[in-house]
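Read through the structure below, which is laid out as structure tokens, and then see the notes.
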Amino acid sequence: MKRIAVYPGSFDPITFGHLDVIKRSACLVDELVVGVLVNQSKTPLFSANERVNMIQVATQNLSNVRVEEFSGLSVEFAKKCGAHLIVRGLRAITDFEYELQMAQTNRVIDPEIDTIFLTTSLKYAYLSSTTVREVASYGGDISHFIPEELIGTVTERVMERSPLKLNK
Ligand code: ADP
């Protein structure tokens, strides 16, 4: 039986931290489906379609990784993909409480789907999409945080959204 996992998240935008989790989990399964969540309470910087495209660019060398957008519950998305595993990343203790609660909730909804956690590589422990958006909004160098091919896209979008910060 093919071992399939999904890695759901917002990825707004994808960072080296996410990519690290993607690369490492792709080695553990036959197929990894990165799931880009559509329905969020806040307006994202990038549309789901744009986020999918950016992840596709960043993962083009990983042959067993594909990217899809989804809305609703991660367990439903996993089921639709034929996956029995949900992958999540843990950076710090602050991630733990929420992630534990989600994993337990998901097991109540569907006991056949398990969540596995990869702890972040130390060099990316501080890194989040929020950090990237914040640094970019002040005109800072984001090359330490996201793949080179995406820097122009992210910088441009952030400048459109918050030109005031850059003028300060
Ligand atoms: P969400 O809104 O679902 O938290 P994110 O895009 O912020 O979406 O994160 C998706 C997953 O990736 C989460 O499990 C998060 O903990 C993990 N993650 C985010 N940044 C990192 C990082 N630097 N290292 C490891 N895991 C990370």
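Indexing begins at 1, ligand by ligand and atom by atom, following the structure's order.
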Inspect the contact between R3 and E31 and indicate whether a charged nitrogen and a carboxylate oxygen are less than 4.0 angstrom apart. no
Near G17, which atoms of ligand 1 are under 4.0 Å from a heavy atom of that residue? 22 (C), 23 (N), 24 (N)
Check R91 against ligand 1 and report side chain, backbone, both or neither, counting heavy atoms closer than 4.0 Å. side chain
Any idea which part of Y7 is under 4.0 Å from ligand 1, heavy-atom wise: side chain, backbone, both or neither? side chain
Suppose I only count heavy atoms of F11 and a 4.0 Å limit; which atoms of ligand 1 are within that range? 6 (O)
V21: heavy atom below 4.0 Å from ligand 1, yes or no? yes
Indicate whether the side chain of D141 and that of S143 have a donor and an acceptor atom separated by less than 3.5 Å. yes
For ligand 1, is there an N or O atom under 3.5 Å from any N or O atom of T120? yes
Do side-chain atoms of D95 reach the backbone of R91 as a donor and acceptor pair under 3.5 angstrom? yes
N106 and I113, any side-chain heavy atoms less than 4.5 Å apart: no
Which of the numbered atoms in ligand 1 are below 4.0 angstrom from a heavy atom of R88? 1 (P), 3 (O), 4 (O), 10 (C), 11 (C), 13 (C), 14 (O)
Have D12 and S129 got a donor and an acceptor in their side chains that come within less than 3.5 Å? no
Should you measure from each heavy atom of L127, which atoms of ligand 1 turn up under 4.0 Å away? 20 (N), 21 (C), 22 (C), 23 (N)
Sequence neighbours excluded, the answer for side-chain contact (heavy atoms from CB on, under 4.5 Å) partners of L100 is F96, Q104
Got an N/O contact under 3.5 Å between S128 and ligand 1? no
Suppose we screen for salt bridge (Lys or Arg N to Asp or Glu O under 4.0 Å). Which residues come up paired with E68, at least two apart in sequence or across chains? R66, K80
Could you pull out, from A125, G9, S10, the option with a heavy atom nearest to atom 2 (O) of ligand 1? S10
If the plane angle is over 60° it's perpendicular, under 30° parallel, otherwise tilted; pick one for Y126 and F145. perpendicular
Near E99, which atoms of ligand 1 are under 4.0 Å from a heavy atom of that residue? 13 (C), 14 (O), 16 (O)
